[in-house]
**Student:** 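Have a look at this one.
Quick caveat, the model's predicted, so the values are computed rather than measured.
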Amino acid sequence: MQIGIPSTKEVRIEVNMKKMGFADRAIFILGLTLAGVITFVLVAGVIVAVLKFFMDSKQRPVQIHSGPMPDDEPKAEFF
């Protein structure tokens with residue numbers, strides 16, 4: 001008796017589309033489509049994030065030197 005990973009002869013899983021019913025085929029195709037959409041969204045998100053990272057790192061940071069804000073209404077002086 002062997003314990004471990006079974007050989008390819010022992011485990012054989014085949015998807016036989018001819019024996020599947022209509023509902024099973026529809027669910028199978030929808031599952032593959034969903035997996036493709038999720039993969040596309042993840043890959044596109046990673047590409048956009050990497051491009052944004054490189055675009056932001058090439059820009060120099062802007063330094064703002066602000067002065068004191070002038071008063072629009074000066075305070076009245078009381079004697």
**Student:** Are F54 and V46 connected, step by step, through hydrophobic side chains (Ile, Leu, Val, Met, Phe, Trp, Tyr) whose heavy atoms are closer than 4.5 Å?
**Tutor:**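 Result: yes, single cluster for both.
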
**Student:** Quick test of your reading: applying salt bridge (Lys or Arg N to Asp or Glu O under 4.0 Å), list the pairs with at least one residue in residues 32-41, sequence neighbours left out, ordered by first then second residue.
**Tutor:**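 Checked against salt bridge (Lys or Arg N to Asp or Glu O under 4.0 Å) - neighbours excluded - no pair reaches residues 32-41.
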
**Student:** Partners of L42 by side chain to side chain contact (heavy atoms under 4.5 Å, CB included), sequence neighbours excluded?
**Tutor:**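 Counting only residues at least two positions away or on another chain, L42 forms a side chain to side chain contact (heavy atoms under 4.5 Å, CB included) with I38.
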
**Student:** Checking I47 now: which residues fulfil side chain to side chain contact (heavy atoms under 4.5 Å, CB included) with it, not counting sequence neighbours?
**Tutor:** V43, L51

**Student:** Please list all pairs passing the side-chain hydrogen bond (donor to acceptor under 3.5 Å, both in side chains) test where one or both residues lie in residues 34-48, with sequence neighbours left out.
**Tutor:**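 Found none.
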
**Student:** Which residues pass the side chain to side chain contact (heavy atoms under 4.5 Å, CB included) test with V48, sequence neighbours left out?
**Tutor:** none

**Student:** Provide the full list of side-chain hydrogen bond (donor to acceptor under 3.5 Å, both in side chains) pairs with a residue in residues 44-54, sequence neighbours left out, each pair given once.
**Tutor:**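 Listed by first then second residue: K52-D56.
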
